[in-house]
Amino acid sequence: MIPYGRQNISDEDIDAVIEVLKSDFITQGPIVPLFEEKISKYCSSKYALAMNSATSALHIACLALDVGPGDYVWTSAVSFVATANCALYCGAKIDFIDIDEDFYNLSIEKLENKLQKSKKTNTLPKVLIVVHLTGQPIDMERIHLLSKEYGFRVIEDASHAIGAKYKKELIGNCKYSDCVVFSFHPVKIITTGEGGMLLTNNSVVFDKANKLRTHGITKKNDDFVNQSHGPWYYEQNELGFNYRMTDIQAALGISQLNRIDNFIKRRKELAKSYNSSLKDFPVIIPKQHVTTESSWHLYVIRLDIVKIKKTHKEIFEFLRSSGIGVQIHYIPIILHPYYERLKFNKNEFPNSMKYYKEAISLPIYASLSDEEQREVVEVLKKALDS
Ligand SMILES: *Cc1c(COP(=O)(O)O)cnc(C)c1O
């Protein structure tokens, strides 16, 4: 099976991990801070905090922005469930924005309409979580302007988008948002096994997130509520979590980051090659906005259903049974039973529902060979022709 995504592990990666295993510290040693420094330098953010997943980083980002009971968090109707779950972990209410037909990120027009309506009923969101779906950045300048006009904070779920560029600058610089979150799950651009990162330029957000990542414990004199009892003293003065990354993972992350430019270059090549191979197929290929550069985490095609004799499901099944590990990113969040219980109205998300009936993610990852890609295209042609 050719999967839709997979990790790329080199001998250098393996050596880097072994070196940590032989060292004094396998967690909470010197490598996690080094990884954070390298990521924040690469992205031009002031701060970076490594965590054990992007899900944890999203949770902490919400808490650091004071999301709590009574607050609203809004996000895109089409994303991985973790993008929405983080708001519910904080006791807040979640609501969704339909996607844009062309780029599959949340529709900024629909966001604007919803903001206007919510202003009248005093139900404006405290935080908006935008997702750079597939690695295509959303128009962050417009999001930033709306955040100023309506007074909400912004988290970028950039789980797909490390290495992507918005207006010539890498995603992660936090220029138009309060926090950016990356995922280092094995299918993503670079991996640490499980892992994530929270980036911010705001020292208050950083301090809060830093403490929440490790139980709400502080070892800094200035942060103590009580008098220190002695040199052993540390203090828990908030309710936090153990969301730390290990040095073993961070060593893999640093080694992976050394190759990120090659990874992105290869993904761009593969996308370009799909674009030209599929141009006469009855499918809609991904669009690329002139002001952005995708990291090509995913290559999503949409079937032109009226021109095809088979159904979406039949095409999908044909590909899977022919050894092509296609996937769908994503089932609209409101269709999951847990979210169905929260009673959202499907009719508010026509673009998301249509997208879900047409989208298929084709294999794309740095180590996908030209030959494997040709096989994907051939099988897809067969599926669409017959
Ligand atoms: C992968 C992913 C996450 C969760 O990442 P983990 O590191 O697995 O917790 C969150 N949001 C999006 C959009 C993702 O693709």
Side-chain angles (χ1 to χ4, degrees), residues 3-7 32 35-36 39 48-63 73-90 94 96-97 99-100 103-106 127-138 140 154-164 171-172 177 179-199 209 213 241-246 249-250 252-253 256-257 267 294-300 327-334 336 338-339 352 355-356 359 361 364-365:
Y4 81 83
R6 64 160 293 150
Q7 69 276 16
V32 167
F35 183 37
E36 292 169 338
I39 289 278
L49 278 167
M51 308 223 189
N52 58 6
S53 71
T55 303
S56 303
L58 284 165
H59 182 194
I60 297 285
C62 286
L63 290 173
V73 173
W74 291 3
T75 191
S76 174
V78 174
S79 185
F80 184 56
V81 289
T83 318
N85 288 346
C86 57
L88 303 180
Y89 296 159
C90 305
I94 188 80
F96 299 97
I97 315 290
I99 59 168
D100 167 89
F103 295 97
Y104 320 141
N105 284 320
L106 69 83
V127 168
L128 174 73
I129 307 178
V130 297
V131 184
H132 304 302
L133 200 81
T134 75
Q136 300 272 358
I138 195 170
M140 285 307 299
V154 179
I155 298 170
E156 295 171 64
D157 181 347
S159 293
H160 301 179
I162 190 169
I171 291 293
S177 67
C179 299
V180 174
V181 169
F182 293 136
S183 171
F184 306 129
H185 181 279
V187 295
K188 308 291 163 76
I189 307 282
I190 61 170
T191 190
T192 59
E194 295 282 2
M197 189 81 77
L198 187 164
L199 293 84
R213 167 177 70 164
F241 306 86
N242 179 357
Y243 281 172
R244 293 186 305 262
M245 180 182 272
T246 66
Q249 293 166 298
L252 178 55
Q256 290 261 306
L257 188 62
R267 284 173 180 274
S294 179
S295 57
W296 293 106
H297 165 56
L298 297 173
Y299 189 90
V300 174
Q327 185 49 288
I328 294 179
H329 298 93
Y330 293 91
I331 302 165
I333 296 174
I334 63 160
H336 289 283
Y338 181 85
Y339 282 88
S352 303
Y355 168 89
Y356 180 48
S361 303
I364 190 166
Y365 46 91

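As the structure lists them, so they are numbered: ligands from 1, and atoms in each ligand from 1.
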Does any N or O in the side chain of Gln327 come within less than 3.5 Å of the main-chain N or O of Ser361, such that one atom is a donor and the other an acceptor?
no
Nearest neighbour in protein (non-hydrogen) for atom 10 (C) of ligand 1:
Ser159 OG, 3.5 Å
Indicate yes or no for a side-chain donor-acceptor contact from Thr192 to the backbone of Gly253 under 3.5 Å, with no hydrogens or angles considered.
no
In this structure, does ligand 1 have an atom that sits under 4.0 Å from one of the heavy atoms of Ser79?
yes
Should you measure from each heavy atom of His160, which atoms of ligand 1 turn up under 4.0 Å away?
13 (C), 14 (C), 15 (O)
Output yes when a side-chain donor or acceptor of Glu194 lies under 3.5 Å from a complementary backbone atom of Asn52, and no otherwise.
no
contact_flag Gly195 ligand 1 heavy-atom lt 4.0 Å
yes
Arg213 side-chain N/O to Ser56 backbone N/O, donor-acceptor pair under 3.5 Å
no
At a non-hydrogen distance cut-off of under 4.0 Å, which region of Thr55 contacts ligand 1 (side chain, backbone, both, or neither)?
both
Please classify the Phe182 to ligand 1 contact at 4.0 Å (heavy-atom distances, strictly less than): side chain, backbone, both or neither.
neither
How about Phe184 and Phe35: are their ring centroids closer than 6.0 Å?
yes
Enumerated ligand 1 atoms positioned under 4.0 Å from heavy atoms of Ser183:
1 (C), 5 (O), 6 (P), 7 (O)
Of all the atoms in ligand 1, which lie at a distance below 4.0 Å from a heavy atom belonging to Ala54?
4 (C), 5 (O), 6 (P), 7 (O), 9 (O)
Who's closest to atom 1 (C) of ligand 1 heavy-atom-wise, of Lys188, His132, Glu194, His185?
Lys188
May I ask you to identify the nearest protein heavy atom to atom 13 (C) of ligand 1, giving residue, atom name and distance to one decimal place in Å?
Asp157 OD2, 3.4 Å
Quick check: does any side chain N or O of Asn105 sit under 3.5 Å from a backbone N or O of Gln136, one acting as donor and the other as acceptor?
yes
Would you please test Asn85 and Tyr339 for side chain to side chain donor-acceptor pair (under 3.5 Å) and show each step?
CA-CA 10 Å; Asn85 288 346; Tyr339 282 88; 2.6 Å; yes
Less than 3.5 Å apart, any donor N or O on the side chain of Glu156 or Ser177 sitting next to an acceptor on the other?
yes
Proximal atoms of ligand 1 relative to Ser53 (non-hydrogen, under 4.0 Å)
7 (O), 9 (O)
